[in-house]
Amino acid sequence: MQIIVPIKQVPESEELRYDPATRTLVREGVASVINPFDKRSLTEAIRLRSLHGGTIVALTMGPPQAREALVECLGRGVDRCVHITDRAFAASDTLATACTLAAALKRLPFDLLLLGKSTTDSETGQVGPELAELLDLPQVTGATSIEMVDEHTLRVTRETDLGFERVECPLPALLTAAEHLIKPAKTKPAVLEEGQRRIAEDPSLIETWNAHDLGILPQDAGLSGSPTWVVDLRPVEVERDRQILAGDTLSSVDSLLLELKERGFGARDTSSNAFRPQPAPLPSPVSDPDPQRSIWSIAEWLPSAGSATPRLRQVSFELASTAARVASEVGGEAVAVLVGHHVEPLASQLAANGASTIVLADDPALASYTTEAYAWVLAEAIKARRPWAVLLPATSFGSDLAPRVAARLNLGLTGDCLGLEVSNEGYLLHLKPAFGGQVVAPIASRTLPQMSTLRPGMLSTYAPDSSRPSIIERLDLTAMPDSRVRILSSTQEGEAGLALDDARLVVCVGMGIGDPEALDVVRDLAGKLGEWMGLSPDEVAVGGTRKVVDAGWLPRHQQVGITGRAVAPDLYLGLGVHGNFNHTVGILRSRIVVSVNSDPDAPIFRASDIGVISNWHSFAETLLSRLSETSYS
């Protein structure tokens, strides 16, 4: 089997600093490394070769210093490398990068392209699906296991937000490696020395190709060939009260409960929503909308137990409302696109959340999400109706679908956004976090429609209005293709993670809780605190930091942070959470943030309204005791 592993050299994001004076990232003295997800794909390629034979080619696109990463790849055992480098490629966005890589890959034979799921500098997962489209390959993103069925077929398990899917995929194919696919080999001095020895003995092990070699004109590459560009860099600022409670645990608990009661929390009728500010009404539809200014939101649904009709995910309502808001600002119409089977009854819910028109594709062939079928539906609808902007959820569904559609239509795409703004010049700014959440980059697009994926839980919500009228337009599906990737089975163990999307109380744990056995106390506390707040059990959720998930204490679906889920509860309670920025960016929209940590210098306190300096376990036991007393009910 011939495997190609495209890799990227990225800066160590933890070493980067944002300089507010110059509004730039300080890279001086920051080491560059192989992107961590790419290390996983490289390690998996070596494993597959050891089982089935074949060759591995590592390929990178970057400046001259990116050659260092290829030397490391040789030290790890790849057979040869290709370095794509040219000043013309500088400042390429994901689509320009994918186009350049596709030109190179058309010169190389392969059975399998194996990439990392995303990169740590820009946190996008777009290049893989865009490459798959440009090369007309089946794709499977977020692979957690890969096995050969025969020389023509792979069986892959991929992670989704709901659980896992097991699929069969014909070769040649493109896969992207999830975090838990394989433990990557560490970069040791001996690895680098071996790579240097091999290249010294045979310099031809690294081929260098430039734009001329690939037949790419300078104006079609780099910044000039990119449909999106970064307008600015903004620091991410979290404004919190930063009140600190210290002293004995009992007094801290009593002070916390008193403070929460003063802020409107406490036992009450759940239906009253007394301590949650009422959402603003939806913007009124534009009376005479410009047909060239329609804003589309792509709905995502989830299976419903015991019902043929699925249920809409909360992010679908967030996107529909956001589309209504942007449409009102640019003089267009808010349109929701609903694709699936037995989904027509969901149209009224999208209308109540702002959609004036529902574009519907309801067919048995769409009962399960497959990339190729859904990409065909959305691309054909866009070509026929030409919207001004298309918004998808930054979920496993949207992040798999959007890049494929963008590449098919040669459109700019900004992934994993925190929000949208309409600039003074009248174009859409897509607010994207980067470099571990240290900055937000407003990104604009030269192509129409402008496309973006937006993170669940990060968008402002509006009060639904069931009286809003809407019309349904049905799509013609007669030419819809079959999918080359076949779903064998799926699991839904991620429901606890989905609960984080809608939770009004989130209790989040860090490594400071000590061990996974402590989660029993955490869950007891979450339940009791939820009762005190007057919440139902399905409005309470437990999450964890990335390190907690990496340690296996909680499943990946319950990770909170920039590489996990963003949450927007009424109350976030962090127990033993250190508070690095890649976590706190995921709690930005929490109404009140309370953190408990024994380290008075823990960064989490800078992102908290109320910080309690205490041993988390003593705090939890004391709070449980207090909440059980009738005087606190």
Side-chain angles (χ1 to χ4, degrees), residues 161 271 273 276-287 289 293-302 304 307 309-340 342-362 378 381 385 387-395 397-398 417-420 422 428 449 452-474 498-504 538-539 566-570 589:
D161 289 345
S271 63
N273 289 311
R276 167 171 282 198
Q278 294 300 305
L282 280 163
S284 299
V286 176
S287 57
R293 290 264 172 162
S294 62
I295 313 299
W296 286 18
S297 64
I298 312 304
E300 179 176 356
W301 51 263
L302 299 167
S304 289
S307 173
T309 301
R311 67 190 193 276
L312 286 171
R313 191 167 174 179
Q314 175 64 26
V315 68
S316 300
F317 305 132
E318 296 171 9
L319 290 177
S321 296
T322 298
R325 191 255 304 170
V326 176
S328 71
E329 294 176 11
V330 302
E333 180 189 20
V335 176
V337 180
L338 184 55
V339 183
H342 297 307
V343 293
E344 185 171 352
L346 305 177
S348 60
Q349 299 176 41
L350 295 170
N353 281 273
S356 299
T357 297
I358 314 297
V359 174
L360 178 67
D362 196 320
L378 183 53
R385 291 164 170 78
W388 192 69
V390 177
L391 316 178
L392 295 94
T395 58
F397 158 75
C417 297
L418 305 178
L420 299 171
V422 178
L428 201 57
S452 59
T453 64
L454 293 110
R455 292 176 67 88
M458 299 303 295
L459 303 172
S460 298
T461 56
Y462 296 86
D465 180 359
S466 59
S467 68
R468 287 175 70 110
S470 68
I471 61 173
I472 293 178
E473 296 180 357
R474 301 177 189 276
L498 290 178
L500 288 165
D501 290 351
D502 309 331
R504 296 176 62 183
D538 60 3
E539 293 178 301
V567 296
D570 296 322
R589 290 196 60 237

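In this chain, residues are counted from 1 in sequence order.
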For a quick test of reading the model, state the closest non-hydrogen atom pair linking [X] to [Y] and the distance between them.
{"X": "Ala327", "Y": "Ala334", "answer": "CB-N, 3.8 Å"}
{"X": "Ala299", "Y": "Leu350", "answer": "CB-CD1, 4.0 Å"}
{"X": "Trp296", "Y": "Ala381", "answer": "CH2-O, 3.4 Å"}
{"X": "Pro464", "Y": "Asn353", "answer": "CB-OD1, 3.9 Å"}

Does the [X] side chain pair with the main chain of [Y], one donor and one acceptor, at a distance under 3.5 Å?
{"X": "Ser328", "Y": "Arg325", "result": "yes"}
{"X": "Ser297", "Y": "Leu391", "result": "no"}
{"X": "Thr357", "Y": "Val335", "result": "no"}
{"X": "Trp301", "Y": "Val339", "result": "yes"}
{"X": "Ser466", "Y": "Ala352", "result": "no"}
{"X": "Ser316", "Y": "Glu300", "result": "yes"}
{"X": "Asp362", "Y": "Glu344", "result": "yes"}

Value for CG (Leu346) from CG (Leu360), rounded to nearest 0.5 Å, stands at 9.5 Å
Rounded to the nearest 0.5 Å, what's the gap from OG on Ser452 to CG on Leu428? Could you check? 6.5 Å
Taking ring-ring contact (aromatic ring centres under 6.0 Å, His included) as the definition, give me every residue that meets it alongside Phe317, ordered by chain and number, with sequence neighbours left out. none
